[in-house]
Structure formats: C-alpha cells, structure tokens
Novice: 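I'd like to ask you about the structure that follows.
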Amino acid sequence: MEKDGSPWRGMALFWWWLIMAVAIAGIIMMILGVPPRPADADDAVLGRVGEAVRPLTETPVEMTGEVVKIKLGQKFTRVDAVFTFHNSGAAAEVLMGFPEAPPRADGESEGDDTALHDFEAFVDGEKVAVEKRTGLAPENGAKELSYPAWHTFTVPFEAGQTREVRNTYRVKNGYSSEGTIRSGYILTTGSVWKGSIGLVRVTVEPDGVLPYNLQGVSPAGYRFAGDSLVWEWKNFEPDRNIEIMFKMYENSTLWSWAGADPVLQQNIIKAVGAGDYGAALTMARDYKKNHPLLAAEVKDNLDYWEALLVSLAGGEARDYWEVFIDKAENVPPDKELYFYPSVDLAAPFYFLGRIYAGEGRNDLILQLYDESKKKRVHPQVGRRLLSLLPEGTAAQHKPEVQKLAVVAYPTRGGLALEGEVGDADGDLDRIDMSLWYLAEGRKQEVGYRANPIQYNRYRHKMDAFIPFSEAIAGHELFYTLRAIDGGGRQAETGGSYVWNEYWMTFMVNGRPYRLAHPLAVVDDRVLLAAEDLIKMLDIEKAAYSPGSRTITLQRGGNVLVLTVGGTTAYLNNKPVSPEVPAQAREDGFYLPLRFTAGSLGAQVGWDGQRRAVLLGTEQMPMPPAGAGRG
C-alpha cells in the first residue's frame, strides 16, 4: 500500500493534527493567563460514571455481593446494580444514598452533565421511595467530598437478615480533549461498608460501542463474553475502579473525506447514530459515484467507510478487510509508546475475527491474533480474538522490564527513576516503583509510585522524580520496579545508586559501588581516595613511602608509582604524565581516577545519561567510553 495513500495513514495524520491543535490551544490559554477548567488527569470534560450505594449512617451491615450490568452507549451509560447486604448486628434502619455531584464552578453545560438520571431503588424486588436530600454527610468517618444533595432511601434490617438492594440509573459519559469518551464504574465506594465483598461481578454490555471502538480498559483482568466485558472478584477489597475509554472511529473516518460537504457528513452521521446503516451506505456510495475525481487518499478512506458500513449492517467485507490488513505496515517499536496509527486496523481485525469464528476457522483466528500484535492493534481487539479460541490455544506472556535506570538531572535538582515495561499480550495492569535506603539498618522510603494502566498498549513508560536531599546524599539508594498483567503474571527487577554532591555514581563491572570517602574534582578530573581505588580496582599490592611521598600500586603485572603533588609518574619504570597530580587531603591520599585505572589495565567509561563512571576490571565487554571526567 502506498505510504501517502493508505487509509490508516490518512487517519493517523488527521488525529495527529487534531491532537496538536488541542495542545497548541492549551499552551495559548496558559500564555494568556486563562485558568484551566476543573478536569481529571486526562483533561476530561466531566460527565459521570456509575458507582455503588453508600451508607449514610453507622451500621453493622455488610455488602456481601455486588452484581452490576452496564449498558455502554455513545452518550450515556445505563447502570443496573444489585447489592446483597447482610446485617450482622441488631435490628436497624440504614439510610443509603447516592451523591448528586456538584455542578461545575463555571456553570453547567450539556457536556458537563454530572447528574444521576432516572434513579430508582428496589428492596427485595419491591420499588421504594427515593428522596433527594441536602445537608447530609456520611457518619462512617470516610473522607467524602462535599455533595450538594443525595438520592436517599431507607432499608430496614432485622437482626441477622440478608436483603437485596437494586439501583438503576443512567449517567452522561465524559469527554477528553483529544476526543476520547470516558465511562466506567466506581468500585472503591464499596470500601465504606464493613468487611470485604464476597462476590463482585461487573458486566459491560455494548450499546453501540463495539470492541473495536475501545481504546483503553482498566483493570486489565477482564474477559470477553461475546462482545461484553466481564470482571469478577471473590472476597474483594475494593481498591480499583473500572475505567473505559473509547472513540467512535466511524465519525472520525467521515471527517477525513466528507469534511468538504458538511451537510452530507451530518446526514450520514445521523443515519449511523440511528442504526440505519443501509441509508448511510447508500449515501456514501452515491457520493463516491458522483465524485469520480476524488484524490487517492479520499477514495481509500471512502472504501474503508463503505466496508465498515457493510460490516455494521451485518454484511461481509472480508476481501477488503483482508487486503487492508495485509498492506498495512507494522508499527515501528519507537512509535508504539505514543500515538500510533493502528486505530483504523481495529475494525478490520474485529470483523474478520467474527467471520472466521462463523466458519469455525480457529487457525485463521490464531493467525489474526498473532498479526494483531505485530500491527500493534489496540489490545482490546486482541483479547476479543483470543476469546474466540479454545483456552490455551495461544500462549500468554508475563511482562518484561525493558529499561530501569536512575538518571541525574542536576539543573532540576534531583534524580529520576525511569522505567519501561513491555507486554507481548498488551494486557499490562499496573506498574509499581519504589526507592529507599538503609539508615542504621532500617529501611527509609524515599519514594513510591503505583501506576494503574488505563490506555492499553504494548509498551509503557513510567518515571518518578526524587529531589536532592542532604539526608540521602552518599547513601546507596535501592530501587525496584514491578509490573503485573491482567492474568496476575509479574516481572520485577531492581538496582542501586549512590548519590553524591557531584551527581555521579560509580559502577564496577556493572555493579554500583558506594564510596567510603567523598570524591574530589580538580580541573574537571575526578580524584578518589586511595582506599576506594584500591578496593574498586582490586589492587594486588599497595605501598606508601613517607620519605619520597610516593604511592606504589601493582595490578596484573603493571606497577604504577605516583608522587604526591608530582607531575610525573612511573608506569613499569617508564615516565608518564598524569593530567592532575596525586594529592594529600585531610582524609587521606587522592589519586586521579581515569589515569590510575587506565594505567593499571582497567577500562574506564562514562554514561552521560545516568552520570555514571563505568569501571571494568574483569574480562568483559564495556560500554563505549565517552569524554568523561577523571
């Protein structure tokens, strides 16, 4: 497929320009002093997500079960939640409620709809009255936001009684600045009830949002049941929430070719929104017939749109999808961490998977699944393909830590712990980073960061910044990174780093070395205490002559003699000139690092990114030496 004419390339360019436009607009707003609107971490326009009922009074009642069915629509999410409660105490009436989220500070608009719509409550199958009340605050000691109102209802319990509470409602989805639609369900609300939850099952059923529309799903430990997403936990301690991000690529594809005809564009979008794919298909084909001189890229995008409409209408566009996938390029590894043009490949892989499943061709589904990972298609589609195969047909992999390093940033006044994790299956669930040191035998934590993965990709980066502190200068800092995928598979690795006032660390044969004495820098050259150098270089013999003020070092058949303050040294009885002389200081003799180590046969290198001096004293490959200090 020609690079400039491929359908997915056109869409990639469209979304790239859209994202850049949003970013530039944000920069301009900051320059002009326009305050940002309240938003979540992904700059979302606040809608609302579903959540569990909360107790508004102190109670011994436990939530023992939570079974939730969510209808995921393009604009609204409908929630049908059934909770099982058990009263382990005396008879009591429990006031239960759902908070009404506060309006935006700058006023409500259609996109800022945070209300619970059509809220209803049922107890043991009987509908109960719901009252909207103000001025309430939970009595359970939990740190709650200040809500202007609550949808409340009272549930009486006899001693030892188990009752079923059902709530139904709908909420408006949220939208982020790059066009992502947000939905989900808050599970952590359940933590305010007594005890753990015996069984939690959440099912997200598509209502116009199919798996190929999904862009991110969290937590990753879900399974597909048809096109529905299912999470299930037993004895659940609610510490995670379900988050779903999706885009309606049908509309974005339209923009790429019908933008010059906004009336046609709106008519087709309206037909698609109403589920009348036949009418939309007729309009698209008429447009193509009446515009024979369209540019090649527009024709490709129109062909894609036509195939998509055929598939949505229940037809088969097998030939087009197979050719489309075959010609699409693999995504370069250096691109997949950020934006990558595989969004339009999601639909072909999804619809072909359905076709192959209908034919009973597990071999073709497996081939399609493997190809989806090479093309870096959104992993949700890969999980959907996997669900079409018998369990165990395709091997699943644990995460792999591909990078973990400490990088010094002197101008910023601190260090960054930088990690990168790969997952061949695209189902990475979370990354944990921790950094600490030992003081008098006790572990002193410097930093900890846990990062649940929202946007599922095949590689993920994470970093944590640690400001410089005198308390940790000179200590050996230990760090670990742990990655966990949706199947509970783990990868963990770590290392250590010694931080000093010169923002350097020392690695001997790949292992960090903590200096026993402070280092010195003279004329941009590093000098180390003789005691440290003797240990680092594994010196065989060392001697000092007070009369001549000379230091003699022997290693591997080489003998080096340095004079304190002298500009001439002797290596195997031949005169050599160190760039800086050996020095006598309060805490001992200091020797020039690079000259001494190199003269005695050790390899010396410099890692500028980590600001690390690399010493090699074994017969092993060393990184290329840079023009470093010492």
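These numbers come from the heavy atoms of this one structure, side chains and all, not from hydrogens, waters or symmetry mates. Quick note: residue numbers are just sequence positions, from 1.
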Novice: The test is side-chain contact (heavy atoms from CB on, under 4.5 Å); show your working for N213 and I181 and say whether it passes.
Specialist: CA-CA 10 Å; N213 296 119; I181 307 172; over 6 Å; no
Novice: Give the intermediate values and the outcome of side-chain contact (heavy atoms from CB on, under 4.5 Å) for residues M433 and Y479.
Specialist: CA-CA 7 Å; M433 275 183 171; Y479 54 87; over 6 Å; no
Novice: Go through K461 and D463 one step at a time and tell me if the salt bridge (Lys or Arg N to Asp or Glu O under 4.0 Å) criterion holds.
Specialist: CA-CA 7 Å; K461 280 186 175 180; D463 61 81; over 6 Å; no
Novice: Check whether any side-chain heavy atom of F224 sits under 4.5 Å from a side-chain heavy atom of R383, and report yes or no.
Specialist: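 Answer yes - side chains close enough.
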Novice: Taking all atoms of both residues into account, what is the closest heavy-atom pair of P578 and A569, and its distance?
Specialist: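 So the minimum-distance heavy-atom pair works out to CD-N, 3.9 Å.
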Novice: So, do L187 and F236 sit near enough that their side-chain heavy atoms are less than 4.5 Å apart?
Specialist: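 Of all side-chain heavy-atom pairs linking F236 with L187, at least one is under 4.5 Å.
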Novice: So, taking the atom named CG in N451 and the one named CE in M462, what distance separates them when rounded to the nearest 0.5 Å?
Specialist: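 If I round to the nearest 0.5 Å, the distance is 4.5 Å.
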Novice: Does the side chain to side chain donor-acceptor pair (under 3.5 Å) test come out yes or no for D427 and N456, once each step is laid out?
Specialist: CA-CA 7 Å; D427 69 336; N456 312 119; over 6 Å; no
Novice: Where the side chain of N241 meets the backbone of T188, is there a donor-acceptor pair that is under 3.5 Å apart?
Specialist: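 Present.
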Novice: CD1/I242 to CD1/I186 distance, rounded to the nearest 0.5 angstrom?
Specialist: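 Here the interatomic distance stands at 11.0 Å.
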Novice: Nearest 0.5 angstrom please: L562 CG to L591 CG, how far?
Specialist: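 So the gap between those two atoms works out to 6.0 Å.
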Novice: If I compare all heavy atoms of R384 with all of S387, which pair ends up nearest, and what's the gap?
Specialist: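 That would be O-OG, 2.6 Å.
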Novice: Walk me through it: do R514 and E476 pass the test salt bridge (Lys or Arg N to Asp or Glu O under 4.0 Å)?
Specialist: CA-CA 6 Å; R514 180 181 177 182; E476 185 173 3; 5.7 Å; no
Novice: Distance-only, no hydrogens or angles: does the R611 side chain make a donor-acceptor pair with backbone N or O of G608 under 3.5 Å?
Specialist: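 Flag not set: sc R611 to bb G608 has no pair under 3.5 Å.
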Novice: As a quick check of understanding, evaluate side-chain contact (heavy atoms from CB on, under 4.5 Å) for Y513 and V498, giving each step before the final call.
Specialist: CA-CA 7 Å; Y513 179 87; V498 180; over 6 Å; no
Novice: Please tell me if the side chains of R457 and L428 come closer than 4.5 Å, counting only heavy atoms from C-beta onward.
Specialist: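 Not in contact.
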Novice: Give, for atom CG of L417 and atom OG of S434, the distance between the pair rounded to the nearest 0.5 Å.
Specialist: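 With rounding to 0.5 Å, CG (L417) is 8.5 Å from OG (S434).
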Novice: I want to check something: taking the side chain as every heavy atom from C-beta on, are P518 and Y590 in contact at a cut-off of under 4.5 Å?
Specialist: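 The answer is yes; the side chains approach within 4.5 Å.
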Novice: Looking only at atom types and distance, does a side-chain atom of D485 sit under 3.5 Å from a main-chain N or O of P399, one as donor and one as acceptor?
Specialist: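 No; zero donor-acceptor contacts below 3.5 Å.
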Novice: In terms of the angle between their ring planes, are W231 and W233 parallel, tilted or perpendicular, with boundaries placed at 30° and 60°?
Specialist: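 Rings of W231 and W233: parallel, under 30°.
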Novice: Are the side chains of I197 and P238 in contact, using a 4.5 Å heavy-atom criterion?
Specialist: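 Touching, per the 4.5 Å side-chain cut-off.
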Novice: Looking only at non-hydrogen atoms, find the nearest pair between Y497 and M504 and report the distance.
Specialist: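 So the two residues come closest at OH-C, 4.3 Å.
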Novice: Using modelled atom types and a 3.5 Å cut-off, is there a donor and acceptor pairing between side-chain atoms of Y458 and backbone atoms of V377?
Specialist: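 Yes; judged by distance alone, with no hydrogens or angles, the pair exists.
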Novice: Around atom CD of Q367, are there more than 12 heavy atoms from other residues, nucleotides or ligands closer than 6.0 Å?
Specialist: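 Count not over threshold, so no.
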Novice: Would you give the length of the straight line joining atom CZ of R594 to atom CZ of R525, rounded to the nearest 0.5 angstrom?
Specialist: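 The CZ atom of R525 is 6.5 Å from CZ of R594, to the nearest 0.5 Å.
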Novice: State which residue, out of L519, L527, L533, fulfils the side chain to side chain contact (heavy atoms under 4.5 Å, CB included) condition with L593.
Specialist: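 So, applying the side chain to side chain contact (heavy atoms under 4.5 Å, CB included) to L593 and each of L519, L527, L533, only L533 qualifies.
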Novice: Using a distance-only test with no angle check, is there a side-chain donor-acceptor pair under 3.5 angstrom linking N235 and S196?
Specialist: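 Distance-only check fails for N235 and S196.
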Novice: Hey, what do you get for CZ (F246) to NE2 (H378), rounding to the nearest 0.5 Å?
Specialist: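 If we round to the nearest 0.5 Å, F246:CZ and H378:NE2 are 14.0 Å apart.
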Novice: Looking at every non-hydrogen atom in both residues, tell me the closest pair between A516 and E531 and how far apart they are.
Specialist: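 Between these two residues, the closest heavy atoms are CB-OE2, 4.4 Å.
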Novice: Within the side chain of D607, is there an N or O that forms a donor-acceptor pair under 3.5 Å with the backbone of L614?
Specialist: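 Between the backbone of L614 and the side chain of D607 there is no qualifying donor-acceptor contact (under 3.5 Å).
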Novice: Return the minimal non-hydrogen interatomic distance between E418 and Y409, and the atom names on each side.
Specialist: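 Of all heavy-atom pairs spanning E418 and Y409, the closest is OE2-OH, 2.8 Å.
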Novice: Any side-chain heavy atom of R489 sitting closer than 4.5 Å to one from H397?
Specialist: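 No - every pair of side-chain heavy atoms lies 4.5 Å or more apart.
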Novice: If we only count heavy atoms from C-beta on, is the T568 to T563 side-chain gap below 4.5 Å?
Specialist: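 No, side chains not in contact.
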Novice: Would you say the side-chain atoms of S218 and R240 include a donor-acceptor pair closer than 3.5 Å?
Specialist: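 R240 and S218 do have a side-chain donor-acceptor pair below 3.5 Å.
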Novice: Should we say atom CG of D239 is surrounded by more than 12 heavy atoms from elsewhere, each under 6.0 Å from it?
Specialist: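 Above 12, so yes.
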Novice: side-chain contact (heavy atoms from CB on, under 4.5 Å), that's the test. Do T480 and W436 meet it? Break it down for me.
Specialist: CA-CA 9 Å; T480 60; W436 72 96; 3.6 Å; yes
Novice: For the side chain of Q444 and the backbone of A439, is there at least one donor-acceptor N/O pair under 3.5 Å apart?
Specialist: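 No: the side chain of Q444 does not pair with the backbone of A439.
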Novice: How close do D432 and A450 get, counting heavy atoms only, and between which atoms?
Specialist: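 So the two residues come closest at OD1-CB, 3.3 Å.
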Novice: Side chains of M536 and L515: does their closest heavy-atom pair fall under 4.5 Å?
Specialist: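 Heavy-atom side-chain distance check passes, below 4.5 Å.
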Novice: Does atom NZ of K398 have more than 12 heavy-atom neighbours from other groups under 6.0 Å away?
Specialist: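 No - once you tally the heavy atoms of other residues, nucleotides and ligands closer than 6.0 Å, there are 12 at most.
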